[in-house]
Amino acid sequence: MSACAPPHTPHPHPPHNPAPTRRRFPVAGADLSAAVAVFLIALPLSLGIALATGAPLQAGLVAAAVGGIVVGRLGGCPLQVSGPAAGLTVVTADLIHRYGWRVTCGITVLAGLAQLGLGCLRVARGALAVSPAVVHGMLAGIGITIAVAQLHIVLGGNPDSSVLANLRALPAQLADVHPAAVSMSALTLALLLAWPRLPGRAGRLLRRVPAALVAVTGAAATAALTGLSLPRVELPSWHSHALAGLPEGPALGLVAAVLTTTLVCSVQSLLGAVAVDKLVAARTGPQSRIGRSDLDRELLGQGAANIVSGALGGLPIAGVAVRSTANVNSGAVSRNSTMVHGVLVVVAALLMVPVLEEIPLASLAALVMAVGIQMVSLHHIRTVTRHREVPVYAVTTLGVVALGVLQGVFLGVAVAVAVALHRLARTRITHHEKEGVHHVRVRGQLTFLAVPRLSRTLHLVPQGTHAVVELDGSFMDHAAYESLQDWRSSHTARGGTAELAGRRDGIRTAEQAPATECRCRPWTPWRNHQACFAAAPAVREGQGAGRELARGISSFQRNTAPLVREELARLAREGQQPSQLFLTCADSRLVTSMITASGPGDLFVVRNVGNLVPPPGEEHGDDSVAAAIEYAVDVLGVRSITVCGHSGCGAMQALLATGAGQGDGTPLQRWLRHGLPSLVRTAGDPPGRPRLAGREPADTVELLCLTNVVQQLAHLRKHGPVARALAEGALELHGMYFHVGEAQAYLLAGTEEAVVFEDVAGGIGGGEEAREGVWVTSPGQV
């Protein structure tokens, strides 16, 4: 087909073709098995959480079913499983104690409406701005409250609504222990701990059955066989099931209740969605076409589910980490697994009542107590300790335990803000002399508040001496930058020397680097850096290019080489071990290390005109790209290959203008023939054309640049080493587009409707951990 041929137009009356055979059961096998695994975990946990809140036990089953079906269908995170969550236990228990069950259901409906409003305002990512220490502290406080309350049931008593009251009553409860309840609780906890640790091949097979199900089933069977007399689950008839009632009580208290429920439900669900994205990205083997979570849609789905659950007399709903993790690890590939799990809960609630009523309440209490203890995560404690946020974590935890969830979170946020302001204002500046060299060390953020102290310390350095200024921070503002540069210029002019050293991971600054100097240092802003030889007038006139290039190399040797010499020496000893092959255009504006924040040894880079990948057998005497692919996959063992195009590509412009020419042509024209399939693909059906997130391609050149990335991925799959690695699940393919003028990177993400290049910065929210996204193309996308 010629590059200039018009797109094929189908005949207005195509011949009749038999309709494709539809699958009799549209749920994939992986989704079905994952749904069963999640259902087996959800069933006992839903009953246990209902017990912990003091709600009717059926309310847990209603919430589990609604969370699976409604959020599974409407939510923005396909693999997150929602339902009654342990993080909501304290909030719900307090509401039931204050207002009663039916009013609590009405509050749940209002919280769902509030979530719908927040989702419509598209503020979901704002919830991720909450300090992780506050979130972890909130969960730890809730976990402590749950564990203390359920301990009373484990011992055979009844808990109070206040954690402080439960702590005061604990000595009396320990003096009045009920042996039957304690024995069933101990058996439940023993099975929970021992089941995941079963050894051998038989153990691996048995561990596929969820430990929670085994623990509760074992306790129920033991209680039935031994004839122990102790309280069991009581599920009243569905005919007497209580539905939501109109909220009654002080208006201010009801507003606070709705806000608390909305906050906890939303934050837990959104953080869970981000965590599920990371779990999906980390899965090995061929990936399903699962895009990143749409957090605003997830908030809308959670709101709709809370409205339905509250109206039907169910508990508040949020994303549940345990069930979501089980869903992902069980191999779920779509939202069908979540929905099927909800249907299974409905079936169990209707048909398994006699079986469920054999479960001892002490066993459910022990299960929920274990969940509460696990919410006080040692990993989270180590993380906040490493980031020096223990005060935020401790205040939030104690606030939740002593005052309540909303009050504890507000206290935690206040302390987090105070800690941030303290760090910003507190900068340590020291000066000492060692072997004739004066060392000035700055620890902390270097802002205008520290400029007077910085200036006083710098003037302690005698004239004509060698000074080293060590910047151990992550930010430098305009005033600090000017002060440091002025001192350096003055010190150098008086015969001294000054060396500026920063942390290895670099310090960001708010000031522009001088255009006359080439200082590619960690403490200077790359965004305003100009190559030394490009700034010189002689070079702009076409003279002295070699001399200016030598100046740039000399600057590297003086300023940058000392910072990277140790790392390069290690790479020289160990050899290159990159995990990624990065294939991109030879355009001078595309700096791979800059746009990927990569360093030496991270990427195996191949650059050519137009980021083209000739299909096997069509190299026309140029095997360089195929050789690089074979070397990267078979020898270096890279785990991913990225094809990166960019805006304003001259190769794509030439391809549009000439169609790669006629006859043998020039070497450039012969090379551009590998881009002809991209040109043909551009003329295809509009619905299948790639686009950028939020907008269509700006012009024909941008459309061809995007299409070329998708087409070159298709060529890449035809190469033998790539095809073998993909079949073994050892390799991932990524598509990337860099808009030079906007300095914006887009990554290829396939959907059922179209092939879209997603905005990297706009697509991920929260902390650095939340920004680790993976966009993978599946065979159907290329």
Could you tell me which residues satisfy side-chain hydrogen bond (donor to acceptor under 3.5 Å, both in side chains) with [X], sequence neighbours excluded, listed by chain and number?
X	answer
T596	S598
E389	none
Y737	E702
T188	S363

Residue pairs passing the side-chain hydrogen bond (donor to acceptor under 3.5 Å, both in side chains) test where at least one lies in residues 72-92, sequence neighbours excluded: Q80-E298, S82-Q302
For [X], all residues meeting side-chain contact (heavy atoms from CB on, under 4.5 Å), sequence neighbours excluded:
X	result
L259	V255
V134	V130, S131, V392, T396, V409, V413, A416
L116	L113, L300, I307
P600	L568, L571

Salt bridge (charged side-chain N to carboxylate O under 4.0 Å, His left out) contacts in which one or both residues fall within residues 441-451, not counting sequence neighbours: R441-D472
Residues which pass salt bridge (charged side-chain N to carboxylate O under 4.0 Å, His left out) with R428, listed by chain and number, not counting sequence neighbours: none
For D602, all residues meeting salt bridge (charged side-chain N to carboxylate O under 4.0 Å, His left out), sequence neighbours excluded: none
Heavy atoms of other groups near R297 CZ, more than 12 under 6.0 Å: yes
